Amino acid sequence: MRWSRAFIPTLRDDPADAEAVNHRLLVRGGFIRRLMAGSWSLLPLGMKVTKRIEQIIREEIDAIGGQEMLLPVVHPGEIWKKTGRWDDVEGILVKFTDRRDTDLLLAMTHEEIFSSIATELTSYRQLPQLWYHLQTKFRDEQRSKGGLLRVREFTMKDSYTFDIDEAGLAVQFDRHYDAYKKIFSRLGMKAIPVHASSGWMGGSESVEFMVESEAGEDDIAYCPSCEYAANTETATSRLTPIQDEPWDGDVERFATPGIKTIAALAEAFDFAAADRQIKSLLYMVGDEPVLLLLRGDHELMEQKLVDALETFEVRPAHEEEIVAALGAHAGSLGAVGLGGVRIIADPALRDRSNMTTGANEDDWHLRGVDLGRDIVVDTWLDMRLVAAGEACPECGEPLQVKRTIEVGHIFKLGTKFSEALGISVADEKGDERVVWMGSYGIGVGRNMAAIVESSFDESGIVWPISVAPYEAAITVVKMGDDATVTAADSLYEDLQSEGVDVIIDDRDERPGVKFADVELIGIPYRITVGPRGLADGTVEVMRRADGSVESIQVAEAASSVAAMIRRDRGE
RNA sequence: CGGGCUGUGGCGCAGUUUGGCAGCGCACCUGCUUUGGGAGCAGGGGGUCGCCGGUUCAAAUCCGGCCAGCCCGACCA
């Protein structure tokens with residue numbers, strides 16, 4: 001490609017509305033442009049990177065037996081009603097009707113449609129199957145953000161597996177696990193697999209692949225000494241047991257005027273350290289108020305509650321709901337002597353005594369509370385957010401908490417969809433058996449963003465060679481100089497013959513402009529051709545990753561740069 | 001969806017307080033000089049000031065409504 005003919009609209013200044021690194025650099029580098037919130041056009045450079053990412057994904061999924069297909073983006077509502085998701089997935093699912101008033105929706109994922117094709121599977125002999133496509137998803141997110149990290153319209157590689165039994169699903173799941181590790185490694189990222197919540201996908205088990213980044217939206221708990229890693233949505237930890245001081249009296253009510261927080265209570269009374277308080281949170285599960293109890297110094301992880309209760313209708317109660325259910329305002333709530341409200345308690349409270357909690361009367365608290373004696377817990381449920389420094393549940397070493405980007409997610413769906421949609425095959429005995437499904441997703445654009453977030457410097461993006469828009473760029477220092485132009489052109493042709501994807505910067509610009517642009521867009525090798533080097537028969541090769549510079553004889557330039565690139569490609 | 005901020009040539013911004021010719025830098029076009037880290041000189045083109053309505057002799061500026069974008073909190077590839 002000749003740069004003078006290419007559409008690479010680089011910007012000198014950062015776009016004013018860009019905060020995230022990937023947003024800033026991808027827009028400045030002329031890879032993408034925003035159409036509306038969470039909706040981006042891919043410009044030529046963005047398209048080149050996208051295609052390379054997609055190709056890597058294809059190769060690895062094909063390698064585990066994947067068969068590529070392409071399913072539509074507009075789906076009939078009917079199928080989604082069968083699986084229940086037409087109603088279950090509120091908000092992000094875009095629904096509309098056609099001229100005949102038929103319910104339609106924009107694909108946010110493709111389980112239903114792949115499943116509808118899978119109804120044509122009739123015999124166990126046809127299993128296992130692994131189908132996938134790279135297709136647009138639309139999710140009307142409440143809030144898109146972070147450049148390409150969280151958008152409404154995006155391309156996803158989603159694959160789906162169909163097996164005769166759970167053991168077969170486990171095999172497909174493990175194959176995807178390995179393929180995903182290879183994919184992210186080829187994309188130049190260090191992805192950590194973690195246990196995760198399945199969210200609205202349902203199913204029994206899921207693993208997310210996480211790349212450490214400040215721009216991320218998920219926290220993972222990670223053990224440096226063993227391999228334990230989990231999204232904090234599901235992570236657990238071992239707690240040091242607390243030995244409560246004995247208290248032989250009854251529950252004692254005491255005045256706490258104006259005290260509305262755990263911290264304030266701990267500050268005011270020396271017997272009420274945060275870990276000796278009971279945190280009481282009123283939640284609404286559907287229409288039912290539920291009182292949640294946690295240790296005072298612990299935080300609630302709402303997702304754990306959602307997963308355990310198997311409903312998405314979980315939210316903090318409004319003030320008037322709190323008063324109606326408990327007779328007091330937040331800040332003085334408690335579970336002692338409470339009737340008629342379901343009580344769910346975190347196991348960290350089990351067997352505790354001599355605790356302090358709200359009295360369900362504004363400005364009053366209770367001390368000397370014994371969990372076993374004074375509170376009737378309906379359900380014990382781990383719903384605590386793990387904090388850094390707590391002991392790893394596997395090995396006991398302190399956990400770290402890291403902020404990460406979710407670059408892939410694999411699910412064991414089990415038989416949820418196949419039952420709903422009637423996907424069954426005849427087994428060896430001729431009996432109908434419901435098939436076991438898995439689904440596995442990688443967001444292409446989010447991966448592009450994650451690569452940028454984990455590989456950039458003050459000059460711009462530093463692409464790994466596997467996805468770079470070009471492998472090498474020739475910077476022609478002085479377009480007015482015939483010898484320079486001739487040498488650069490011939491190098492350009494030689495590199496192409498060597499199979500290198502190369503762009504020649506033949507614009508009539510000053511060298512500084514060209515250097516800045518090629519570094520901004522992150523091309524791994526820059527070959528500078530100019531009168532100064534040609535005077536002693538050399539060109540200069542700079543490696544983007546480390547800035548190292550090497551002078552090479554003109555005659556050998558093409559072959560030695562091609563050799564470097566082949567080595568970087570891993571050939 | 002709640003809170004905060006912002007909408008002025010392609011990009012970055014000033015002007016809005018106190019209504020009175022729509023400006024600056026970069027980019028763009030022409031010419032000349034220049035060419036190893038974002039060139040210089042000269043000339044030139046481009047904007048319904050987010051949209052709708054109101055006030056006024058006069059609105060980018062004041063008032064009302066709406067729309068869009070970004071950031072912070074509840075959701076996910």
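Quick caveat, the model's predicted, so the values are computed rather than measured. Lettering follows sequence order; numbering is per chain, from 1.
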- Message: Is it the case that the base of B:G38 and the side chain of A:R28 share a donor-acceptor contact (distance under 3.5 Å, atom types as modelled)?
- Response: yes

- Scan every strand shown for a Watson-Crick or G-U wobble partner of B:U30, both distances under 3.5 Å, and answer none if you come up empty. B:A42

- Task: Can you measure from NZ (A:K95) to CH2 (A:W86) and round to the nearest 0.5 angstrom?
- Result: 5.5 Å

- Paired to B:A58 by Watson-Crick or G-U wobble criteria (both distances under 3.5 Å) is none

- Task: Please work out whether the ring planes of A:H133 and A:Y160 are parallel, tilted or perpendicular, with thresholds of 30° and 60°.
- Result: perpendicular

- With respect to the phosphate group of B:A39, does any side-chain polar atom (N or O) of A:R510 fall under 4.0 Å of OP1 or OP2? yes

- What is the base-pairing partner of B:G25, counting Watson-Crick and G-U wobble geometry with both distances under 3.5 Å? B:C11

- Task: Pick the C1' atom in B:U16 and in B:G7, then give their distance to the nearest Å.
- Result: 13 Å

- Name the nucleic acid region contacted by A:V407, choosing base, sugar-phosphate or nothing; use a 4.0 angstrom heavy-atom cut-off, strictly under. sugar-phosphate

- Message: Testing the 3.5 Å rule here: is there a donor-acceptor pair between the side chains of A:D506 and A:Y492?
- Response: no

- Under the 5.5 Å and 30° test, is A:F154 stacked on the base of B:A77? yes

- Heavy-atom donor-acceptor pair, A:R150 side-chain to B:C76 base, under 3.5 Å: yes

- Item | C1'-based separation of B:G38 from B:G25 [nearest Å] | 14 Å

- Query: Which nucleotide, in any strand shown, forms a Watson-Crick or G-U wobble pair with B:C1, with both distances under 3.5 Å?
  - Reply: B:G73

- Task: Would you please classify the geometry between the A:W40 ring and the A:H23 ring as parallel, tilted or perpendicular, with 30° and 60° separating the classes?
- Result: perpendicular

- With no angle test and no hydrogens, is the base of B:G37 tied to the side chain of A:E519 by a donor-acceptor pair under 3.5 Å? yes

- Message: Base of B:G4, side chain of A:R143 - is there a donor-acceptor contact under 3.5 Å?
- Response: no

